[in-house]
Peer 1: 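First, the structure itself, so that you have it in front of you.
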2 protein chains.
Amino acid sequence: MVRGALAALLTLEGDIEIVAEAARGDEVVSLALATRPDVALLDIEMPGGDGLTAAAALHAQLPACRVLILTTFGRPGYLRRAMESSVVGFLVKDAPATQLATAIRRAMAGERVVDPALAAAALSEGNNPLTAREREVLRVAATGLSIAEVARSISLSDGTVRNYLSSAIQKLEAHNSTEAARIAEQKGWL
Amino acid sequence: MVRGALAALLTLEGDIEIVAEAARGDEVVSLALATRPDVALLDIEMPGGDGLTAAAALHAQLPACRVLILTTFGRPGYLRRAMESSVVGFLVKDAPATQLATAIRRAMAGERVVDPALAAAALSEGNNPLTAREREVLRVAATGLSIAEVARSISLSDGTVRNYLSSAIQKLEAHNSTEAARIAEQKGWL
DNA sequence: AGGCGCATATGACAGATGTCACCCCGAAGA
DNA sequence: TCTTCGGGGTGACATCTGTCATATGCGCCT
């Protein structure tokens, strides 16, 4: 519904034409190949693979198409990942609606478009301090599994999982794994 | 932005006029009193108090205004709470956009409008098994606080909090409080 | 060659968490 | 009136978590 509403809004602009809408991340590339858009507007959270993966695939297959990310959560970690890949712009959904058309025009003109408040946040937040393993363990533990279950599910020893969790907890200045997961999630570090 | 886009979409309908837009839950009543809409369309998740509270307040102050809930997550618990209060309709955002205008017209005509798939889910899920206290404790614990911190924050004894958590864990067939919180959250029972 | 960071692991230990049995009280129902 | 249920509580106990010290091996950088 939101996608449809945004499409209606953009159609009103006159100089913008909606050539396709994808409901799932894995539909993006094939739809784009069929319709050859100048600009693609993607969400990060969607079924069928996340938007950043879709963005990378799209850029690989159709480099002429500029990719804009429009997403709900302005997690700095997302922005960082997006900018490291092939994305030319990054907007959050609580920006005013008028900004959307402007952003698309600027992307079309070859500029990079990033929500200024978000860019500032990303710079001040610094880098993800977690190692790959810490991240993985934390991600699994966040679903509510016990340490033993996490250990089994990723084939590590019990104690090792405890160590990773412990070091993640300290790096995130949390007091237990639940809080650590919350913090990491909220900063887009998962 | 989403609100703006939906407003644009509805304005296109011709027979629907947007008289006001609220960014926060606590703006709803005063805006409605000032503009006297026939139908109010509310989200549940918003800053400044949740949409269900706003809906109840709105109904108390302006009973002539029909309240429709349009929200992201079709948690059956939400639907149940909504229907028990004064809401006449409940839609989820991933329904097709065309359904929105139809729903508004039907609400205007005095019908109750509920997403059929969601209604079915709500019936099959059964009732929330948690007592008020169990829910409260679980909600606070879910943010990552320790039992002692939870106890302090809601002025209960340490052991009592443990008891509530334990019984919530068993009712939800979880194995620890993190998993219990996840399950409750996912079913809309928080 | 040596140092560093990461992945992996073990063992020990304190403190947190989850379970259980049992207690009291008040309100609602049979 | 008696029973049941929820709110609130205590104490004991087993297990789980989190921390720390310590170890090996790998790969990278200087």
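Per chain, numbering begins at 1; letters A, B, ... match sequence-line order.
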Peer 1: When you measure from the side chain of A/Q99 to the backbone of A/P96, do you find a donor-acceptor pair of N or O atoms at a distance under 3.5 Å?
Peer 2: no

Peer 1: Do A/L70 and B/M1 have side-chain heavy atoms sitting under 4.5 Å apart?
Peer 2: yes

Peer 1: Sequence neighbours excluded, which residues qualify as side-chain hydrogen bond (donor to acceptor under 3.5 Å, both in side chains) partners of B/D26?
Peer 2: B/R24

Peer 1: For DNA chain C, determine which residues of residues 157-168 of chain A have any heavy atom closer than 4.0 angstrom to one of its atoms, and list them numerically.
Peer 2: A/S157, A/G159, A/T160, A/R162, A/N163, A/Y164

Peer 1: Return the CG to OG1 distance between B/N176 and A/T178, rounded to the nearest 0.5 Å.
Peer 2: 7.5 Å

Peer 1: Could you give the CG-to-P distance, from A/L145 to D/dC16, as a whole number of Å?
Peer 2: 14 Å

Peer 1: Is the closest side-chain heavy-atom distance between B/L12 and A/L12 below 4.5 Å?
Peer 2: yes

Peer 1: Would you call A/E149 and A/R152 a salt bridge, using N to O less than 4.0 angstrom?
Peer 2: no

Peer 1: Counting distance only, does the side-chain N/O of A/D43 pair as donor-acceptor with the main-chain N or O of A/G51 below 3.5 Å?
Peer 2: no

Peer 1: Start at the 5' end of DNA chain D and walk down; is the nucleotide closest to A/Q170 or to B/S155 reached first?
Peer 2: B/S155

Peer 1: Hey, can you pull the residues of residues 172-181 of chain A with a non-hydrogen atom under 4.0 angstrom from DNA chain C?
Peer 2: none

Peer 1: Within the distance-only criterion (no hydrogens, no angle test), does the side chain of A/T11 pair as donor or acceptor with the backbone N or O of A/A7 below 3.5 angstrom?
Peer 2: yes

Peer 1: For DNA chain C, note the earliest and the latest nucleotide, 5' to 3', having some atom under 4.0 Å of a heavy atom belonging to chain B.
Peer 2: C/dT17 to C/dC20

Peer 1: With B/R105, which residues qualify under side-chain hydrogen bond (donor to acceptor under 3.5 Å, both in side chains), at least two apart?
Peer 2: B/E13, B/D15

Peer 1: What's the shortest heavy-atom distance between A/S177 and A/I169, and which atoms?
Peer 2: N-CD1, 3.6 Å

Peer 1: Does a salt bridge link A/R133 with A/E136, judged by any charged N lying under 4.0 Å from a carboxylate O?
Peer 2: yes

Peer 1: Heavy-atom contacts under 4.0 Å between residues 130-144 of chain B and DNA chain C, which residues?
Peer 2: none

Peer 1: Is any side-chain heavy atom of A/L52 closer than 4.5 Å to a side-chain heavy atom of A/I69?
Peer 2: yes

Peer 1: Could you report the tightest heavy-atom contact between B/A20 and B/T35, atom names first, then the distance?
Peer 2: CB-OG1, 3.9 Å

